Amino acid sequence: VRLAIMQRLLALRCTESLVQDANAALEADLDGLGAGAAEDIIAFNAASEIYGSARMLLACVEDRALFDAVIGGCAKQDFMQVLQPMRDVRPSKGGQGWSEEAVLWLRGAAGVNVAALEGGGA
């Protein structure tokens, strides 16, 4: 999990060439994930998916005024509460870095209701 979080943070904060250098340095660790550790591979992929999402970036915003400015009142509900599943998995909040429920929530939340966009319903 720590490896996936670090990889995603590097991608957000660093130039592409620096990320490539870091990935090359971590290549042995990444290759080692497959050495009979299916649970490690699942955890790595899940944490990578979660921490690579825009919803996790929003969930990391602690300042309510900043959060409201970023969201800009788009939602009819408290979007900070909507993002609670993302906050719950964060190690700094007592989570393990990922959960199957968080991945499923993220995948479901990423769906777009095309009918609503076309005016065909909610």
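This is a predicted model, so every value here is computed, not measured. Sequence positions, counted from 1, serve as the residue numbers for this chain.
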Hits for side chain to side chain contact (heavy atoms under 4.5 Å, CB included) against V103, two or more places apart or cross-chain, chain-then-number order -> A46, E49, I50, R107
Applying side-chain hydrogen bond (donor to acceptor under 3.5 Å, both in side chains) to Q84 and not counting sequence neighbours gives R87, D88
**Prompt:** Looking at side-chain heavy atoms only, is the closest gap between W98 and Q96 below 4.5 Å?
**Reply:** yes
Applying side chain to side chain contact (heavy atoms under 4.5 Å, CB included) to S53 and not counting sequence neighbours gives R55, M56, M86, L106
Hits for side-chain hydrogen bond (donor to acceptor under 3.5 Å, both in side chains) against E62, two or more places apart or cross-chain, chain-then-number order -> R90, K93
E100 meets the salt bridge (charged side-chain N to carboxylate O under 4.0 Å, His left out) criterion, sequence neighbours left out, with none
Between G97 and Y51, the two heavy atoms sitting closest are O-CE1, 3.3 Å
In terms of heavy-atom contacts, A59 and L83 come closest through N-CD1, 3.9 Å
Nearest heavy-atom contact between L66 and D63 is N-OD1, 2.9 Å
